[in-house]
Amino acid sequence: MTSDSKFLFRKNYDKYEFFRNPLNFFPEQMVAWCQESNGSIPHSQLLQNFLNSSSCPEVQGFLYLKASGRKSWKRLSMFLRRSGLYYSTKGSSKEPRHLQLLSDLEDSSVFTVTTGRKLHNAPTDYKFCIKPSKVRSECKELRMLCAEDEQSRTCWMTAFRLLKYGILLDQNYKSPQQRKFPVSHFTTPVRSVSENSLVAMDFSGRTGRVIENPLEAVSAAVEEGQKWRKRGQRMKALGSPSPLQPSSLSSVIHRTQLWFHGRIRREESHKMIMQQGQVDGLFLLRDCQSNPKAFVLTLCHHQKIRHFQILPCEEEGQMSFSLDDGSTKFTDLIHLVEFYQLNRGVLPCKLKHPCTAVAL
C-alpha cells in the first residue's frame, strides 16, 4: 500500500443479512453445489456448507485481476475454496495442474475499494482487494480484483468472510438475537434510569420544590400546558412567531441531520444505499431535482430502491410537508422522519436505518 492509502470504516446494515436471505447473496451459477442440485438448496443447507468445516463449498466465476506493478487488468476464471482463492491458467479448467493459488484465506483479509475507476484504470466500478495479514520475507502485495457487477462482488466477499470467520459470525449473529427478547419477571414496562431520575418540580416560588404528591403533579402539568396554549394564541394574534408554530428554522433544520444529503442525483442516492447494504428501511432524504421546493425520500425495501416525493403544503400562511398529498402533514422534515420511523403509513416499511455519507 502507498503512503497516502487509508482505511475507511462505514456502517454496513447488511453485515448479517446473508443469514436471513442467503439465496440473495449466492447466485446459483456461482455456487458449485447449486449447479449439481439444479439450484434446489434449502436456506439452512446453503449456509451450513460454509459453516461446516468438513464440507467443500466452492464459489466460481470470472474476475479481473490487476497485473503486478502495472495498470492493465486480465479477466480470469477463479475459484474460491477453503484452501484459498485460485485462478485457472487455461480457460475455465479446474484441473489441479491448471490452478494457481492467488491468495491464502488464513493469511489474508478482504476489503472493498472506494477509490474511483480512473485511479486504477479498472474495467468496472465493482472493485475489492485482498490484503496479506502478515508481511513475510517474500514479496506479498495488495491484490486488486474487479467483479462484473455488484451481485457477484457481494458473493465473492461474503463467501470469503464465511469461509474464514463463519463460526464466529454465526455466534455473533445469534447472541444479539437471543438477547432481543429476554425473559422478564415484571408485568409492567421497566423504566430507564434517566426516566426514574425525573421528578415534578414547582418553580412558582422563590426557590423550586419537588412535588411529591402525584395528584398535585398531574394538576401542575395540566395547568402548565394550558398556559402554553394561551400564550401561543396571544402570540399568534399579535403576529409574533409562537414557540408552538413553525418558524423559518423549520425550512432548514433538516440540513443538520445525517440522513439529509442535499442536492445529490438519483444515481448517487442509489450508490449510497448499495454501499451501506440493501436492507429494508435503509433511507435518505435529498433535494428534488424537478421541483426546487420539494424533497425526495429514497427508501430500500426487498432489495429494491424506491423514491417518494415530499411536497410542501401551505395553509393559512403555515408551511408544512407531506408524503401523501396532504393527508398527513408535518411542520418540518425531522418530524416527518420521526413519524415514519414509528409508523409505516403509505410507505412499504418503516424508516429504520439512516444512510450516511463517508467523506473520501
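All values reported here derive from a predicted model rather than from experimental measurement. Along the sequence shown, the residues carry numbers beginning at 1.
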Test item: Asp332 side-chain N/O and Ile334 main-chain N/O as donor-acceptor pair under 3.5 Å: yes

To check you understand the geometry: which heavy-atom pair defines the closest contact between His307 and Ser269, and what is its length? CE1-OG, 3.7 Å

Does CG in Leu101 sit with more than 12 non-hydrogen atoms of other residues, nucleotides or ligands closer than 6.0 Å? yes

Heavy-atom distance under 4.5 Å between the side chains of Leu142 and Phe111, does that happen here? no

Test Phe283 against Gln341 for side-chain contact (heavy atoms from CB on, under 4.5 Å), laying out the working first. CA-CA 10 Å; Phe283 75 97; Gln341 285 177 325; 4.1 Å; yes

Tell me if a side-chain donor or acceptor on Asp280 pairs with a main-chain N or O of His302 at a distance below 3.5 Å. yes

Restricting to non-hydrogen atoms, name the atom on Ile310 and the atom on Leu323 that form the minimum distance, rounded to 0.1 Å. CG1-CD2, 3.8 Å

Can you tell me how far apart CD (Gln60) and CZ (Phe79) are? Round to the nearest 0.5 Å. 6.0 Å

Same apolar cluster (I L V M F W Y, side chains within < 4.5 Å links), Met30/Phe62: no

In Å and rounded to the nearest 0.5 Å, what is the OG1 to CD distance from Thr154 to Gln278? 8.0 Å

Might you confirm whether atom CD of Glu106 has over 12 heavy atoms from other residues, nucleotides or ligands at distances under 6.0 Å? no

May I ask you to decide if the ring planes of Phe260 and His254 are parallel, tilted or perpendicular, using 30° and 60° as cut-offs? perpendicular

Can a donor-acceptor pair be found, under 3.5 Å and without considering hydrogens, that links the side chain of Ser320 to the backbone of Cys313? yes

Check whether Leu351 and Val296 end up in the same hydrophobic cluster, where Ile, Leu, Val, Met, Phe, Trp and Tyr are linked by side-chain heavy atoms less than 4.5 Å apart. no

Co-membership, hydrophobic cluster, residues Leu169 and Phe26, 4.5 Å side-chain: yes

If hydrophobic clusters are built by linking Ile, Leu, Val, Met, Phe, Trp and Tyr wherever their side-chain heavy atoms come under 4.5 Å apart, do Trp156 and Leu65 end up in the same one? yes

Which pair of non-hydrogen atoms, one from Gly277 and one from Leu282, has the smallest distance, and what is that distance? O-CD2, 2.8 Å

Working to the nearest 0.5 Å, report the span between CG of Leu105 and CD1 of Ile130. 7.5 Å

Side chains of Ser103 and Arg143: closer than 4.5 Å at any heavy-atom pair? no

Closest non-hydrogen atom pair between Asp104 and Ser83, with its separation: OD1-O, 3.9 Å

Could you check whether any side-chain heavy atom of Gln257 comes within less than 4.5 Å of a side-chain heavy atom of Pro354, counting everything from C-beta outward? no

Candidate pair Thr112 and Gln275, rule side-chain contact (heavy atoms from CB on, under 4.5 Å), full reasoning: CA-CA 10 Å; Thr112 303; Gln275 285 177 342; over 6 Å; no

Side chains of Tyr340 and Leu297: does their closest heavy-atom pair fall under 4.5 Å? no

Verify side-chain contact (heavy atoms from CB on, under 4.5 Å) between Leu76 and Leu102, making sure each step is shown before the conclusion. CA-CA 11 Å; Leu76 298 169; Leu102 180 68; over 6 Å; no

Looking at Ser322 and Thr328, would you say the former's side chain and the latter's main chain have a donor-acceptor pair under 3.5 Å? yes

Any Lys/Arg nitrogen of Glu95 or Lys90 sitting under 4.0 Å from an Asp/Glu carboxylate oxygen of the other? no

Main chain of Phe339, side chain of Asn343: is a donor-acceptor contact present, judged purely on distance under 3.5 Å? yes

State whether Glu268 and Arg286 are salt-bridged, where the test is any N-O pair (Lys NZ or Arg NE/NH1/NH2 against Asp/Glu carboxylate O) under 4.0 Å. no

Donor-acceptor contact below 3.5 Å, side chain Ser88 vs main chain Ser93: yes

Is the Phe160 to Phe128 ring centre distance short of 6.0 Å? no

Do you know the tightest heavy-atom contact between Gln100 and Thr89? CB-CG2, 4.2 Å

His301/Leu347 under side-chain contact (heavy atoms from CB on, under 4.5 Å): CA gap, chis, key distance, verdict: CA-CA 10 Å; His301 181 246; Leu347 299 176; over 6 Å; no

Donor-acceptor under 3.5 Å (Arg153 side chain, Lys127 main chain): yes

Interatomic spacing from CG in Leu285 to NE2 in His261 - rounded to 0.5 Å: 8.5 Å

So does Lys131 get a backbone contact from the side chain of Ser109, meaning a donor-acceptor N/O pair under 3.5 Å? no

Value for CG (Asp324) from CG (Leu311), rounded to nearest 0.5 Å, stands at 10.0 Å

Relative to each other, are the rings of Phe295 and Phe321 parallel, tilted or perpendicular (30° and 60° limits)? perpendicular

Between atom CG of Leu163 and atom CG of Leu51, what is the distance when rounded to the nearest 0.5 Å? 9.5 Å

So does Met144 get a backbone contact from the side chain of Trp73, meaning a donor-acceptor N/O pair under 3.5 Å? no

Test of understanding: clusters of I, L, V, M, F, W, Y form through side-chain heavy atoms closer than 4.5 Å, transitively. Do Met78 and Phe50 belong to the same one? yes

For Tyr64 and Pro123, work out which heavy atoms get closest and say how close. CG-CG, 3.5 Å

